[in-house]
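Reading through the structure tokens given below for one structure.
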Amino acid sequence: MNMQSMLKPKSARRSSGIPSSLGEKIFTVLNHLFFILLGLSTIFPFINLIAKSLSSEAAVVSGMVNLIPIDFQIGTYTYVASNAMFLSAFMISITVTLVGSIISLSMTTLAAYPLSKPRLRGRKFFILLFLFTMLFSGGLIPTYLLMHKLHLINKLPVLFLPYMINVYNMLIVKNYFESLPDSLEESAKMDGASNMTILVRIILPLSMPVLATIALFYAVTFWNDYFTSLIYINSADLKPLQLYLKELFVSSTDTFMRTNVDASLNVSPQSIQAASIILATLPIICVYPFLQKYFVKGVLVGSVKG
């Protein structure tokens with residue numbers, strides 16, 4: 001192997017038919033093995049939950065269930081899917097996630113677009129102001145008092161209004177806007193288009209990768225959040241799904257089974273917890289494949305200033 005071929009990147013050498021060195025082969029094998037083990041370590045607990053949710057009470061309580069269901073039954077899912085408290089919490093989480101994601105994405109876009117323009121007066125000041133909020137906050141007690149003064153306690157808007165803009169997400173969108181050619185806006189302005197028209201009809205259609213990525217970030221954040229509802233929501237009718245799951249796990253097993261589950265059902269508290277987790281995870285799992293194709297491109301382009 002001459003010096004010129006050694007200086008070629010590994011991918012170029014592979015495509016040109018130049019054999020890889022022993023060290024490169026060992027690194028590739030170890031690299032693949034590491035990521036396979038990493039993937040299995042994340043999927044095994046999920047498979048274990050599915051197996052528990054489909055197994056009988058005796059099998060789960062005795063600890064016999066690992067990755068394969070024992071004494072297959074679907075009574076657990078039937079119970080969870082028909083439970084009024086679960087359905088109410090599920091619908092509240094869907095509402096908060098949809099409304100919160102739409103509002104947050106809209107506000108993030110409206111903040112990122114002007115900040116991406118050097119002609120904006122006081123641009124550096126506003127960027128520093130946003131960055132300041134990433135490092136410092138008012139604290140939990142002052143924030144709670146503010147929500148109380150605004151009469152948002154025990155109201156659904158308190159679950160998404162305080163978190164309308166994530167500064168990190170806004171900076172990603174801002175950098176993506178900066179990577180777009182200025183000539184697009186200049187030609188549109190020559191045709192008489194306003195700033196809002198340019199944003200809606202030119203910038204947003206070209207920014208679908210980063211917008212879909214940020215929408216996924218917001219959706220996952222709102223869907224998984226339970227701490228906000230734990231602080232601001234006291235009404236049982238307004239509790240989202242994650243808070244319902246939290247209370248389900250910390251409740252007494254005997255009390256829960258005696259007051260919530262029909263004795264004729266062949267299910268255990270562990271099975272009900274597992275089935276609830278699986279059903280709570282399904283919406284995000286179903287949404288992710290539709291946004292996955294935008295994910296890598298959106299984060300990569302939006303995180304590097306063009």
Interatomic distance, [X] atom [atom1] to [Y] atom [atom2] [nearest 0.5 angstrom]:
X	Y	atom1	atom2	answer
I233	I231	CD1	CD1	11.0 Å
K174	L115	NZ	CG	7.0 Å
I203	L211	CD1	CG	10.5 Å
I285	I278	CD1	CD1	7.0 Å
Q73	S271	CD	OG	6.0 Å
F125	F132	CZ	CZ	11.0 Å

Quick check: does any side chain N or O of [X] sit under 3.5 Å from a backbone N or O of [Y], one acting as donor and the other as acceptor?
X	Y	value
S53	I50	yes
T281	I277	yes
S62	A59	yes

Checklist entry - Can a donor-acceptor pair be found between the side chains of T109 and S106 at a distance below 3.5 Å? => result no

Checklist entry - Distance only, no hydrogens: is a donor on one side chain within 3.5 Å (strictly under) of an acceptor on the other, for Y163 and T228? => result yes

Next on the checklist: Evaluate T95 against I92 for side chain to side chain contact (heavy atoms under 4.5 Å, CB included), listing each step before the verdict.
Outcome noted: CA-CA 5 Å; T95 302; I92 289 174; 5.7 Å; no

Checklist entry - Of all residues at least two apart in sequence or in a different chain, which pass the side chain to side chain donor-acceptor pair (under 3.5 Å) check with Y226? => result none

Are [Y] and [X] connected in a single hydrophobic cluster, I mean Ile/Leu/Val/Met/Phe/Trp/Tyr linked by side-chain heavy atoms less than 4.5 Å apart?
X	Y	answer
I284	L279	yes
I214	F177	yes
I172	I102	no
I94	L282	yes
Y79	L87	yes

Checklist entry - Are R201 and E185 close enough for a salt bridge, meaning some N to O gap below 4.0 Å? => result no

Checklist entry - Would you call E178 and K117 a salt bridge, using N to O less than 4.0 angstrom? => result no

Item to check | Derivation of the side chain to side chain contact (heavy atoms under 4.5 Å, CB included) call for V173 and Y113 | outcome: CA-CA 8 Å; V173 178; Y113 180 64; over 6 Å; no

Might you confirm whether atom [atom1] of [X] has over 12 heavy atoms from other residues, nucleotides or ligands at distances under 6.0 Å?
X	atom1	result
I74	CD1	no
I141	CD1	no
L110	CG	yes

Checklist outcome for this item: Which of T97, T108, N166 passes side-chain hydrogen bond (donor to acceptor under 3.5 Å, both in side chains) with Y218? It is T108

Next on the checklist: I'd like to check the ring pair (Phe, Tyr, Trp, His ring centres under 6.0 Å) partners of F46; sequence neighbours left out, ordered by chain and number.
Outcome noted: none

Next on the checklist: Taking the ring of W223 and the ring of F160, is the distance between their centroids below 6.0 Å?
Outcome noted: no

Next on the checklist: Which label fits Y232 and Y144: parallel for a plane angle under 30°, tilted from 30 to 60°, or perpendicular past 60°?
Outcome noted: parallel

Item to check | Stepwise side chain to side chain contact (heavy atoms under 4.5 Å, CB included) test for L184 and L206 | outcome: CA-CA 11 Å; L184 294 174; L206 295 175; 3.4 Å; yes

Checklist entry - Stepwise, does the side chain to side chain contact (heavy atoms under 4.5 Å, CB included) test hold for M196 with L199? => result CA-CA 5 Å; M196 186 59 66; L199 174 63; 4.2 Å; yes

